[in-house]
Structures are given as C-alpha cells and as structure tokens.
Amino acid sequence: TGHHWGYGKEDGPSAWHRQYPVAKGNRQSPIDIIPNEARRDSTLGPIFLKYDQCRSLNIANNGHSVVVEFDDSDDRSVVLGGPLDNPYRLKQFHFHWGGKGCEGSEHTVAGVGYASELHVVHWNAVKYKTYNDAAAAPDGLAVLGIFLELGDDHRWLHMITDALYMVKFKGSATDFKGFNPKCLLPSSLHYWTYLGSLTTPPLHESVTWIVLKEPIVVSEKQVSAAALNIIHKTFPTV
Ligand SMILES: NS(=O)(=O)c1c2ccccc2cc2ccccc12
Ligand SMILES: [Zn+2]
C-alpha cells in the first residue's frame, strides 16, 4: 500500500523528507554525541527506573525492528527523574541491530558507533490520554538508549534472541510474558540527554532522549543471530 520507507538507497533516510518533511526539522535524531562538548547541567538529577511490576505482553517483528511490548494500562512501570517533569510509562523496547560486522547503533559517541542499540520507549501518561497523542507531542515520549558492545555472551539476552525465530517474518508476533528489561541495563545509569525525535518515520519531534554512557556487553554470536533473524519481508505468500 503506497510507497513505504526503508533503509535502501531509494527509500532510505535521505529520502524520508519527501513523505515526512519533519526529517528536515531542528530536533532530529539520531545525533553524534560529543562528550567534551556536552554541557554539564547541575540541575539534572539521576534517573530512576521502576520496572519491578512491569508486565511484558508480546514480541513482534515490525519489519524494522523486533519490539517487546508492555501493559501500559497503569503506572506499574515508569521512568522518572533526570530531565523528566513527571513519570513516563514503559510502553515497549526494541533493538537496532547491525548486519554482519557492521555497526547497528543509531547514536554515535565522538563519531564511534556500537554494534547495536536498545531503545526503551516510555510515554507521558500524566499529560496525554493516549500513547498516540503523546507520540506527537514535544514532551510526549522518553526513550532510554543503551549501547551494545561486543564481548562475552550477555547472560539474559538469549531470552530475546531465542524468541526471534518465532517472529522471523515482518508482521509476526508471539506471546512474551515475564520479561523484565531491568536485566538489560548496565551497572551505571549516568546519561547524556537531549530533545530529539523518533529515528524512524514518522520522525515525530516528541522524544526526550536519555542515552546511557555505559554500554552493555553482548557476544558477536548473539548480535549476528539477532540481525540475521530479522527478515524485513512478510512470509512468502504462495
Ligand atoms: N528508534 S525509535 O526509538 O525512535 C522508535 C522506533 C524505532 C523502530 C521501530 C519502532 C519504533 C517505535 C517507536 C515508538 C516510540 C518512540 C520511538 C520509536
Ligand atoms: Zn529505536
């Protein structure tokens, strides 16, 4: 149905502005984070992640990423503090995997990319009635960005990568209960923060980005299994 965006030459990021003019906006993500140029803001306190009561629902392949969704019908799991004026409700998390050997992270740090990047999406349910309203509002979303660097196996990531074969094809989804994203956090919650946007169409300029300085460590095997598992096409219809 209609021309769809992607990551190819014709439909990739340089072409998105045709269908999504905001691509040429003044708070577009991702950005290159330059630590020496980042301003230290003493008014910013620590962030707090209250995920103990979170309820994961399913894991799905939307053709661009693998997304794990959560029950966001109440304030059971939220992020608060840091740059945020009120708690933001946990909605979903997803990964940006690279291909074989190429860096998949969206943000870079002083020009250096990481193997992958995890985005934990939260929305401002205090100010907005629905997630969709929040997704289009300048203070509607808060996304926690966590870099993945290559090293030893991550002890919990297998719970995600093992489930990927169940959602091999775009549009597929399966139950995914009892997963708490706390197990994917690094030891330090020190962060950079800036006002930005969704990194994929519709590119809404509605995201307060909170990018953690400390990456988590995953193995090449885990990343390549994941990257290879995401097939950007629907099931071959006979
Ligand atoms: N990269 S992103 O965090 O801007 C993003 C998505 C990226 C890929 C697939 C789905 C996404 C859905 C999002 C929903 C809200 C905020 C960011 C989102
Ligand atoms: Zn993302």
Side-chain angles (χ1 to χ4, degrees), residues 4-8 11-13 16-17 19-20 22-23 25 27-33 56-72 77-79 83-84 88-99 103-108 113-125 127-128 130-148 160 164 167 169-173 176 181 184 191-212 215-216 223 226-227 229-234:
H4 202 58
W5 60 274
Y7 286 95
D11 62 0
W16 291 348
H17 70 93
Q19 216 170 345
Y20 305 94
V22 73
R27 55 176 277 191
Q28 285 294 300
S29 299
I31 62 168
D32 179 31
I33 297 165
S56 65
L57 300 173
N58 59 53
I59 186 167
N61 174 344
N62 67 10
H64 308 290
S65 174
V66 166
V67 189
V68 172
E69 294 199 317
F70 288 82
D71 170 4
D72 62 345
S77 34
V78 294
V79 57
L84 306 173
Y88 282 57
R89 243 179 232 181
L90 173 63
K91 168 78 180 165
Q92 53 103 314
F93 68 75
H94 61 270
F95 291 88
H96 298 270
W97 308 106
E103 316 258 278
S105 73
E106 300 215 302
H107 290 95
T108 48
Y114 283 84
S116 306
E117 190 170 335
L118 164 61
H119 289 159
V120 191
V121 177
H122 310 75
W123 63 284
N124 188 341
K127 268 187 82 173
Y128 304 100
T130 67
Y131 164 77
N132 282 323
D133 291 349
D139 58 351
L141 300 176
V143 182
L144 190 63
I146 301 167
F147 292 119
L148 280 66
I160 305 275
L164 292 181
V167 287
F169 294 95
K170 175 177 172 182
S172 51
F176 195 69
L184 296 176
Y191 62 89
W192 295 290
T193 184
Y194 75 96
L195 297 179
S197 73
L198 302 195
T199 64
T200 60
L203 299 169
H204 290 316
E205 297 190 324
S206 58
V207 180
T208 297
W209 280 96
I210 298 170
V211 180
L212 297 188
I216 59 172
V223 171
N229 258 293
I230 298 173
I231 296 183
H232 297 242
K233 293 190 291 297
T234 53

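Numbering of ligands and ligand atoms starts at 1, following listing order. The shown structure was predicted, so the numbers you read here are calculated from the model rather than taken from an experiment. No hydrogens, no waters, no symmetry mates; every other heavy atom, side chains included, goes into these values.
Not a single N or O atom of Thr200, backbone or side chain, sits closer than 3.5 Å to an N or O atom of ligand 1. Any N or O atom pair closer than 3.5 Å counts here, and Thr199 shares at least one such pair with ligand 1.
Counting only distance, with no hydrogens or angles, the side chain of Asn61 and the backbone of Val167 share a donor-acceptor pair below 3.5 Å. Of the possible polar contacts, one joining the Trp16 side chain to the Gly6 backbone as a donor-acceptor pair under 3.5 Å is found.
A salt bridge links Lys91 to Asp72: at least one charged side-chain nitrogen sits closer than 4.0 Å to a carboxylate oxygen.
Checked against the 6.0 Å centroid criterion, the rings of Tyr7 and His96 do not qualify as a close aromatic pair. For His107 and Trp209, the ring centers are positioned less than 6.0 Å apart.
Residue, atom and distance of the protein heavy atom nearest to atom 9 (C) of ligand 1 are Asn62 ND2, 3.5 Å. In this structure, atom 14 (C) of ligand 1 lies nearest to the protein heavy atom Tyr131 OH, 3.0 Å. Protein heavy atom at the shortest distance from atom 16 (C) of ligand 1 is Leu198 CD2, 3.1 Å.
Listed by number with element, the atoms of ligand 1 under 4.0 angstrom from any heavy atom of Leu141 are 15 (C), 16 (C).
Atom CD1 of residue Ile210 and atom OH of residue Tyr194 lie 11.5 Å apart, to the nearest 0.5 angstrom. Distance CG/Asn62 to OG1/Thr200: 8.0 Å, rounded to 0.5 Å.
Within His119, ND1 is the N, O or S atom that lies nearest to the Zn ion (ligand 2).
Around atom 3 (O) of ligand 1, the closest heavy atom drawn from Glu106, His122, His94 belongs to His94. Across the listed options His204, Gln92, Glu117, Gln92 owns the non-hydrogen atom lying nearest to atom 13 (C) of ligand 1.
The shortest heavy-atom distance from Lys91 to ligand 1 is not under 4.0 Å. Using a 4.0 angstrom heavy-atom cutoff, Trp209 counts as in contact with ligand 1.
For the pair Ser56 and Phe176, the tightest heavy-atom approach, listed with the atom from each and the gap, is OG-O, 2.7 Å.
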